[in-house]
Every structure is written in structure tokens, then in C-alpha cells.
Amino acid sequence: MTLEAEINARIGEVRTDTFDMSFGEISSLHANKELIIQPEYQRLFRWSIQQRSHLIESILLELPIPQIFVIENPDGVLELIDGLQRISTVLQFIDPASLELEPLILEGCSLIPALNGQSFADLPLSLRLTIKRSPIRTVVIKKQSKGFLRYEMFKRLNTGGSNLEPQEIRNCSSRMLGNDGVQFYNFLVEQSKNEDFAACADYLPQADKEKKGTEELVLRFFAAKNGQNLFHGNVRDWLDNYMEGVLLGSLQFNYEVEKSVFSDVFKIAREKLGDTAFLRYRGDTPVGSLPPAYFEAISIGILHSIETIRTKEASVLRPAISSLVQSENFRAVTGPGANSRDKLERRISLAYEALISA
């Protein structure tokens, strides 16, 4: 097949429709549950009150507003996949009760300072109607579109932007593939709530937790378990490629087996090493927050040595891990410049050896 023919074969696999939708229509769709604007995998607001106020000011001044993207689900309900900050801002302003939020009071408006301190109810009727009738260009990805291209479209819309974090993008994009993607996303969420894992992962920095860092750790465990060969120096690409392999069927993933393995590994980790299983040490004392490189090395080390260490006492294993993470050899493969497959494999091997020989 020629290059031109290959491109032509792809054209049309994503079916879209583009039209202008007023903010009043969007509000009505949301009120009738015909538009989902806050999926559970996103946080509602990243914008400050001033940023939200600037958007309302721009609408009133008829300044251009970037288009939004929605995806049409099989039941015809629309799901917002790009434009959450814009749409939730307008809804908070004109109908805050629909989001169970306090009314937005404008502040920091620089072009029309008289807007500062105003709520929607404070505005004259003509201005309230101006906002409701103002259009925003809306691109609808039709339900007939092929799943993989819907997935790619979402990923490309969001990759490199500041609205969503890497794991949030993975969570959202997985849903573009339909039931298989939703199943995998739900699996990551379910495992992140595993009691033993959650106790250990609680040492993640709060900022990372807010970026779905615990779900990313779950994904990182399975990538380190099943996809070390996909690692080429960039963690984000590694996790993206591993998840894509599972979602698109090029990598096998038995949910029941993987769930059992995950549960077993973190039960042993917590039982033998405690809630601080994956932390740095200063002397005999665990310190700081959870470093992901330590997490993958020790968790996979436990996986590979699990039958041996079941019979070992915690009083033997904890000093072994304390000595490991403070050793020059381990630090050499977890510090700056450690993002290579060789160093990934080496730190896992060091953890395994420390556990086996304890």
C-alpha cells in the first residue's frame, strides 16, 4: 500500500461534527444529564478565580474562546474531553447549584473593572442573556468513530498541555476505547484501593496523590512486572506504551491473575517491611516520601523472591532493605541519570538479591 493510500484509508475513521453551541444550551444539557462535564477521573478546577473571571469577561466582550471537544457515547450522551475548565467556569457562574458549588464572584477583571465583585445574579438581564446566548465552537467525535483513533485523538489533544497530568490523561484516554478501556481504568482504581498497597502508597507526596499518583504506581508495578523491555529511558513513554499494549491487545493481561499477584505482593511487603516498605533510610529510620524507583525495585524484588521470603522474619528483612537502599550500588541505579533499562533491571536485581540473602 502506498503512503497516500494508507493515509486515505485512515481518513474518515474518526467521524466528527462541528457546530456552535450556546452556553445556555450546554447548561441545559448538563442539567438534563445529557452532557457529562466532570468525569471521576478529572479534577473540576485547575483555574484560579481570576482565570475564571477573565473567561467571563472575555465572553461578555465577545473575545474568541477556544473550541471544545466532546465524545458521543453509545447512548448519545456527550462527554466533555477537552475544555473542562472553560465549561465548568461558565456553569459555576450561571448555575453553581448544578455543580454543588458556591456562586462565582468575579475578581481580577482588568478590561472591565466594574465586573469585579459581581455574581451572575448581580448582572443586568441583558448581560445575563449575552452570556447564555454566547456560542462556543464544539467538535463532536461521533460514536461511529473507531476506538483506537478516538483514543489517539484524546491523547494528542492533551499531551503536552498543562490541564491534565500524565495519569489523568491515561485514565481519560483509556475510556475512548470503550468497554475494554473502562475495564482497565477501573482495574487500576480498584488496585489503588487495596488496603496493603494503599498503606504503603500513603507516603507519596500529597501533590502526587492529587495527580492520580497512586494509580500511576499501580500501573508502574505492572509495567515493571510485564513490560521492562518497553523501557527506553522515559518513564512517561514507558507507562503510556505499556498501557497501550494492554488496551490494544498486543500484551496479554489476565485480570484475575494480576489482581491475585498484586494482592499477594503488597500483603507480603506490608507484613515483612511495614507501611514504610519503599522509603529511603537514614540509619535504621525510614525517612521522606516514597520514591517511585525504590517502589518498583523493591516490589518487583519481592515478587521474584516471594516464596523464599514468606518464611523469613521481618526482623531480618527490614535491616536488609535498609542496608540495600543506603548502599552505593543501589544509589547508583536510582539517582540522577538512572532512567535506562539496564539500571531498571539492575535495581530490581539488587532488591531481589538483598531479600533472598537476608
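Scope of the values below: all heavy atoms of this structure, side chains included, with no hydrogens, waters or symmetry mates.
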**Report entry** Sole candidate of D20, D17, D82 that passes salt bridge (charged side-chain N to carboxylate O under 4.0 Å, His left out) when paired with R137
**Finding:** D20

Query raised in the report: If every non-hydrogen atom of A358 is compared with every non-hydrogen atom of A320, which pair is closest and at what distance?
Result: CB-CB, 3.7 Å

**Report entry** Q206 atom CD, neighbour heavy-atom count above 12 within 6.0 Å
**Finding:** yes

Requested in this report: Check the hydrophobic clustering (I, L, V, M, F, W, Y; side-chain heavy atoms under 4.5 Å; chains of links allowed) and say if I321 and V287 are grouped together.
Outcome: no

Query raised in the report: With the 4.5 Å side-chain cut-off for hydrophobic clustering, are L125 and F23 part of the same group?
Result: no

Query - Sidechain-backbone polar pair: D122 side chain, S119 backbone, donor-acceptor under 3.5 Å - result: yes

Requested in this report: Can you establish whether the number of heavy atoms outside D284 located under 6.0 Å from its atom CG is more than 12?
Outcome: no

Requested in this report: Might you work through the ring pair (Phe, Tyr, Trp, His ring centres under 6.0 Å) test for F262 and F221, ending with a clear yes or no?
Outcome: CA-CA 8 Å; F262 187 87; F221 171 80; 5.5 Å; yes

Query - Derivation of the side chain to side chain contact (heavy atoms under 4.5 Å, CB included) call for L63 and E57 - result: CA-CA 9 Å; L63 299 179; E57 185 181 41; over 6 Å; no

**Report entry** side chain to side chain contact (heavy atoms under 4.5 Å, CB included) evaluation trace for S289 with Y203
**Finding:** CA-CA 5 Å; S289 56; Y203 287 88; 5.5 Å; no

Query - Shortest non-hydrogen contact from G83 toward I68 - result: CA-CG2, 4.0 Å

Query raised in the report: Taking N32 for the side chain and S28 for the main chain, is one N or O donor matched with an acceptor at less than 3.5 Å?
Result: yes

Report task. Answer whether the closest heavy-atom distance between the side chains of D196 and I268 falls below 4.5 Å. Result -> no

Query raised in the report: Counting only heavy atoms not in R133, do more than 12 sit closer than 6.0 Å to its CZ atom?
Result: no

Query raised in the report: When you check the side-chain N and O atoms of R52 and Q92, is any donor under 3.5 Å from an acceptor?
Result: yes

**Report entry** Non-hydrogen atoms of C109 and H54 that approach each other most closely
**Finding:** CA-CD2, 4.2 Å

Requested in this report: Kindly indicate, with the supporting measurements, whether the criterion side chain to side chain contact (heavy atoms under 4.5 Å, CB included) is fulfilled by Y281 and T276.
Outcome: CA-CA 10 Å; Y281 272 77; T276 58; 4.3 Å; yes

Query raised in the report: So L91 and T89, side chain to side chain contact (heavy atoms under 4.5 Å, CB included) or not? Walk me through it.
Result: CA-CA 5 Å; L91 286 180; T89 289; over 6 Å; no

Report task. Under the salt bridge (charged side-chain N to carboxylate O under 4.0 Å, His left out) rule, what do K259 and E190 come out as? Steps first, then yes or no, please. Result -> CA-CA 9 Å; K259 178 179 179 180; E190 178 187 353; 2.8 Å; yes

**Report entry** Joint hydrophobic cluster, Y352 plus I298, side-chain heavy atoms closer than 4.5 Å
**Finding:** no

Report task. With the side chain counted from C-beta on, respond yes when L317 and L355 share a heavy-atom pair under 4.5 Å apart, and no when they do not. Result -> yes

Query raised in the report: Where do F93 and F120 land on the ring pair (Phe, Tyr, Trp, His ring centres under 6.0 Å) test, with the steps shown first?
Result: CA-CA 6 Å; F93 192 60; F120 184 73; 5.6 Å; yes

Report summary line: Heavy-atom nearest pair, Q167 first then K211, reads CB-O, 3.9 Å

Requested in this report: Report yes if some heavy atom in the side chain of S134 is under 4.5 Å from a heavy atom in the side chain of T130; otherwise report no.
Outcome: yes

Requested in this report: Check whether more than 12 heavy atoms from other residues, nucleotides or ligands sit under 6.0 Å from atom CZ of R341, and answer yes or no.
Outcome: yes

Query raised in the report: Can you find a heavy atom in the side chain of I112 that is under 4.5 Å from one in the side chain of L60?
Result: no

Requested in this report: Say whether E107 and N116, considering side chains only, have a donor N or O and an acceptor N or O under 3.5 Å apart.
Outcome: no

Query raised in the report: Hey, are the side chains of L80 and F69 touching, using non-hydrogen atoms and a 4.5 Å cut-off?
Result: no

Report summary line: Residues L290 and A201: closest non-hydrogen pair is CD1-CA, 4.1 Å

Query raised in the report: Would you say K267 has more than 12 foreign heavy atoms packed within less than 6.0 Å of its NZ?
Result: no

Report task. Evaluate the salt bridge (charged side-chain N to carboxylate O under 4.0 Å, His left out) criterion for residues R310 and E307: first the C-alpha distance (whole Å), next the side-chain angles of each, then the deciding distance (0.1 Å), finally the verdict. Result -> CA-CA 6 Å; R310 283 188 199 277; E307 294 308 322; 3.3 Å; yes

Query raised in the report: What do the steps show when you test K132 against E25 for salt bridge (charged side-chain N to carboxylate O under 4.0 Å, His left out), and what is the final call?
Result: CA-CA 8 Å; K132 284 190 170 184; E25 290 176 300; over 6 Å; no

Query raised in the report: Would I356 end up clustered with Y294 when hydrophobic side chains under 4.5 Å apart are linked, directly or stepwise?
Result: no

Query - Distance, nearest 0.5 Å, that separates NZ of K312 from OG of S305 - result: 9.0 Å

Query raised in the report: Do I131 and I105 belong to the same hydrophobic cluster, where Ile, Leu, Val, Met, Phe, Trp and Tyr are linked whenever their side-chain heavy atoms lie under 4.5 Å apart, directly or via other members?
Result: no

Report task. Please indicate whether K209 has more than 12 foreign heavy atoms, meaning atoms of other residues, nucleotides or ligands, lying under 6.0 Å from its NZ. Result -> yes

Query - Qualifying residues under side chain to side chain donor-acceptor pair (under 3.5 Å), relative to E353, sequence neighbours excluded - result: S349

Query raised in the report: Do V140 and T18 come close enough that some side-chain heavy atom pair is under 4.5 Å?
Result: no

Query raised in the report: Heavy atoms, side chains only, cut-off 4.5 Å: are L78 and I36 in contact?
Result: no

Query - R236 backbone acceptor or donor facing N234 side chain under 3.5 Å - result: yes

Query raised in the report: Of Y242, F184, F253, Y255, which is the lone residue that meets ring pair (Phe, Tyr, Trp, His ring centres under 6.0 Å) with F222?
Result: F253

**Report entry** More than 12 heavy atoms of other groups within 6.0 Å of K343 NZ
**Finding:** yes

Query - All salt bridge (Lys or Arg N to Asp or Glu O under 4.0 Å) counterparts of E296, not counting sequence neighbours - result: R220, R347

Report task. Indicate yes or no for a side-chain donor-acceptor contact from E100 to the backbone of A97 under 3.5 Å, with no hydrogens or angles considered. Result -> no

Query raised in the report: Between SG of C200 and CG of L279, what distance do you get to the nearest 0.5 Å?
Result: 8.5 Å

Sequence neighbours left out, cut at 3.5 Å: what donor-acceptor pairs do the side chains of residues 324-332 make with other protein atoms?
| unit_1 | atom_1 | unit_2 | atom_2 | d |
| --- | --- | --- | --- | --- |
| Q326 | OE1 | G283 | N | 3.0 |
| Q326 | NE2 | G283 | O | 2.8 |
| Q326 | NE2 | S322 | O | 3.1 |
| Q326 | NE2 | S322 | OG | 3.0 |
| S327 | OG | L324 | O | 2.6 |
| S327 | OG | F330 | N | 3.2 |

Query - Within-4.5 Å side-chain heavy-atom neighbours: I141 and E72 - result: no

Query raised in the report: Which heavy atom of L106 sits nearest a heavy atom of L115, and at what distance?
Result: CB-O, 3.5 Å

**Report entry** Flag, side chain of S27 to backbone of G24, donor-acceptor distance under 3.5 Å
**Finding:** no

Query raised in the report: Are the side chain of W238 and the backbone N or O of G227 linked by a donor-acceptor pair below 3.5 Å?
Result: yes

Query raised in the report: So, the side chain of S260 versus the backbone of V257: is there a donor-acceptor pair under 3.5 Å, distance only?
Result: no

